[in-house]
Structure formats: C-alpha cells, structure tokens
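Worksheet: one structure, shown below.
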Protein chains: 2
Amino acid sequence: MRLSTKGQYGVLAMYELAKRYGEGPVSIKEIAESQTFSDAYLEQLFASLKKAGLIRSLRGAHGGYQLSREPSQISIRQIIDALEGPIEFSACVGGPEGYICKKSDACVTRELWKEIQESINAIIDNRSLADLVEQGRRKQQ
Amino acid sequence: MRLSTKGQYGVLAMYELAKRYGEGPVSIKEIAESQTFSDAYLEQLFASLKKAGLIRSLRGAHGGYQLSREPSQISIRQIIDALEGPIEFSACVGGPEGYICKKSDACVTRELWKEIQESINAIIDNRSLADLVEQGRRKQQ
DNA sequence: TTATTTTCTAGTATTCCACTTGGAATAATT
DNA sequence: AATTATTCCAAGTGGAATACTAGAAAATAA
C-alpha cells in the first residue's frame, strides 16, 4: 500500500522543474542528476507528464523540458494522476458497485474507503508545486 | 496505489465475525460463503489475524474462529496492519531518511507523504468493527 | 557536420498478487 | 473405533506490475 516510484520520482522531478521555472528548458540528464535516479526511466515519466499537458518539450541541442504553466497552477494531484492514474484506495470506490463485496449487505466498508480516498485527495488537490518550492527554500535557510 | 485484497477481504471477514460475536466459533467456510471469496485464501488471512492476536481459533468439528475481544476494541487499523504491514504512502516516510530523495535538499515531499499517511491513520485508528456493525444494521433497515 | 537532446519501441529481471493444492493434526459425533 | 468437520501448515503457480535497460531514429543548435 504505497505510492510507486513513478509518483515519487515524478513529483520530485516536477519540483526540480518548478525550481527552474522561467529559466528555459532543462534536460532530463540534469534533472536525473539532481535527484540521482536513472535518466532513461525518468524519460518515460516525462512522456506521461507531457501527454497530460503538464510539461512542454524542446528537442535538439540545448533542448529539454519545462513546466507548461506556473508552479502554482500545477497540483500534486495532477502529477500523480498523470503518472499512476487516479489513486483508488480500494477497487470498491472507483470500480463498479459491489465489485468485491458481492453478498455483503450494501458493503459497509465502501464508505470507509471512500472517506479515506477523499481525505487523500483533499490534501493533494490543495498542494501545488509552488508550495513545494517555497518549502524547499525555507528548509535551505 | 490501492489496498490489496488482503486488506479488503480481511476487513470484510472481520466484520462478519463481529456480526456473530458471542455466538461461538464460526468456520472459514461460512465466512467465505457470506462474502463469496475463496476459503483457502481466507484461511491464510486468518492465520495472520490470529498471529496478531485479533482472533482465536478452535480446531476440530464445530470449530472455527471468533474475535478475541469486543468488536469495539478492534480498530480497522489493527486489521490492516496485521494483514498488509503498516500502510506507508511512500518509502520516504517509513524507511530510513533519504531513502529515495538522496541529493534533494532535505526532501520536500517527505512531509507531504507523511501528512497523507497521518490522515489515513487518523481515520482507520478511530473506526472499530463495532462501528461497521452498527452501520450495517442501519443500512439493512 | 557534429554534438546534444527528445522520442519511440522493445525487452527483461525481479517482485508481488491472488490464489491453489495437498496433506497433517485435532476434535466432535456416531 | 470410525467418520466427519474443521484448523493448521508448506509449498507451488500463473499472471501482472514494477523498475528499469538498450538501442536507434529524429530534431535542433553550434
């Protein structure tokens, strides 16, 4: 029960892009180095992020990636959804009614899982890359 | 990013035991039938739950399982922890410092994941099997 | 033209999930 | 004593997902 590396790496990579927002394109290599993970793997994550419209790319020498809008306009939710698909704490909540709990009396756990999912969403909906950048600055001082 | 069937089935199975609390041992077969999932698989879940001290067993004919204490004294958290190990939204939070985010400036995502995890725990710590049973009764009426 | 970058496609080793199988031990019933 | 119902135990398994790697093609700047 945990976020995969896609989500974890992805948010960190986007944070690095946010820190450099407005400074032109940044190469995958630079991002991968600043967080020490594989650039070939990161490339795949960026493909998903681009498809979701969160980043833009420039090919060729001096090319790279950059956020497609201001850090404050990109939420953690959007990043995770792009990389992992929407978080579903239980198949019950996202899937069809009665998917797992067939004979149970109108599934007593369904609402519980739903409540958890909503509490997660409430947090990641209201947290933007700008918040992370600001937090990073505070930490460095 | 979701609870495995272990957690989902496990909570449902414990709910069935809670409904029958005080009525003597209940067999795996009966529980599995009331929720329509494999009894051989459920057996494994019960082994973990027993090891965690949440249920007691009686072998032989007319044997079975029962909760080892009142439904109100068993939280959803305890059940999930027994079956899946403690929930960790990210390896960052449970694992050693800097596990993933090595070069990052004191990892800005760490606190975010921690916050999410704590909000999940807050919910499942404060929900007991008794709550589920009561909720089930309300639904049936 | 060369170096640097994204882009695309495919492959792969490992781990995890959701079970299944088969049998031994234990206890109640007949 | 035999039968039946149950837990207990250990191992195996097929498929999917994870976390990558490899290699080559296309685009662009210098």
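The distance from atom CG of Leu83(B) to atom P of dA18(C) is 12 Å, rounded to the nearest whole Å. When the P atom of dC17(C) is taken as reference, atom CG of Leu45(B) falls 12 Å away, rounded to whole Å. What separates NZ of Lys6(A) from P of dA17(D) is a distance of 10 Å, to the nearest Å. Here the P atom of nucleotide dT14(C) and the OH atom of Tyr41(A) are 17 Å apart, to the nearest Å. Rounded to an integer number of Å, the gap from Glu84(B) CD to dC17(C) C1' is 11 Å. One can place CG of Asp39(B) at 16 Å from C1' of dC9(D), the figure rounded to the nearest angstrom. What separates CZ of Phe46(A) from P of dA19(D) is a distance of 17 Å, to the nearest Å. If you measure from atom OH of Tyr9(A) to atom C1' of dT21(D), you get 14 Å, rounded to the nearest angstrom.
A heavy atom closer than 4.0 Å to some atom of DNA chain D occurs in no member of residues 25-32 of chain A. Contacts of residues 48-58 of chain A with DNA chain D (heavy atom under 4.0 Å): none.
Gln78(A) places a side-chain N or O within 3.5 Å of a backbone atom of Ser75(A) that can act as its donor or acceptor partner. Ser68(B) places a side-chain N or O within donor-acceptor distance of the main-chain N or O of Leu54(B), the cut-off being under 3.5 Å. A donor-acceptor pair is defined here as one N or O able to donate and one able to accept, closer than 3.5 Å; no such pair exists between the side chain of Arg137(B) and the backbone of Val133(B). Looking at Gln8(B), its side chain does come within 3.5 Å of a backbone N or O of Leu3(B) through a donor-acceptor pair.
Salt bridge status for Lys19(B) with Glu16(B): present, with a side-chain N to carboxylate O gap under 4.0 Å.
The side chain of Tyr65(A) sits closest to dT6(C) out of dT6(C), dT7(D), dA18(C). Counting only heavy atoms from C-beta on, Ala40(B) has its side chain closest to dT21(C) among dT21(C), dA18(C), dC19(C).
In this structure the side chain of Ile123(B) never reaches within 4.5 angstrom of the side chain of Ile76(B), judged on heavy atoms. At a threshold of 4.5 Å between non-hydrogen side-chain atoms, the residues Glu111(A) and Glu115(A) do not count as touching. The shortest distance between side-chain heavy atoms of Arg138(A) and Gln135(A) falls below 4.5 Å.
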Give me, pair by pair, the N or O atoms of the protein and of nucleotides 10-14 of chain D that are less than 3.5 Å apart, along with how far apart they are.
residue: dA11(D); atom: N6; partner: Gln44(B); partner atom: NE2; Å: 3.4

Would you tabulate the nitrogen or oxygen pairs shorter than 3.5 Å linking the protein to nucleotides 26-30 of chain C?
residue: dT26(C); atom: O2; partner: Gly60(B); partner atom: N; Å: 3.4

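For the side-chain contact (heavy atoms from CB on, under 4.5 Å) test with Ile74(A), the passing option among Leu132(A), Leu129(A), Ile55(A) is Leu129(A); the others fail.
Taking the six-membered ring where the residue is Trp, Phe37(A) and Tyr9(A) present parallel rings, their angle staying beneath 30° rather than reaching 60°.
Side-chain N/O atoms of Ser38(B) include one lying less than 4.0 angstrom from OP1 or OP2 on dT20(C). A close approach under 4.0 Å does occur between a side-chain nitrogen or oxygen of Thr5(B) and OP1 or OP2 of dA18(C).
For Asp125(B), the side chain to side chain donor-acceptor pair (under 3.5 Å) test picks out Arg77(B), with sequence neighbours left out.
In plain terms, the two heavy atoms of Asn126(A) and Asp131(A) that are nearest each other are O-OD2, 3.9 Å.
Residue pairs that meet the salt bridge (Lys or Arg N to Asp or Glu O under 4.0 Å) test with at least one member in residues 39-68 of chain B, sequence neighbours left out, do not exist here.
Clustering ILVMFWY residues whenever any of their side-chain heavy atoms sit less than 4.5 angstrom apart, transitively, puts Leu67(A) in a cluster other than the one holding Leu58(A).
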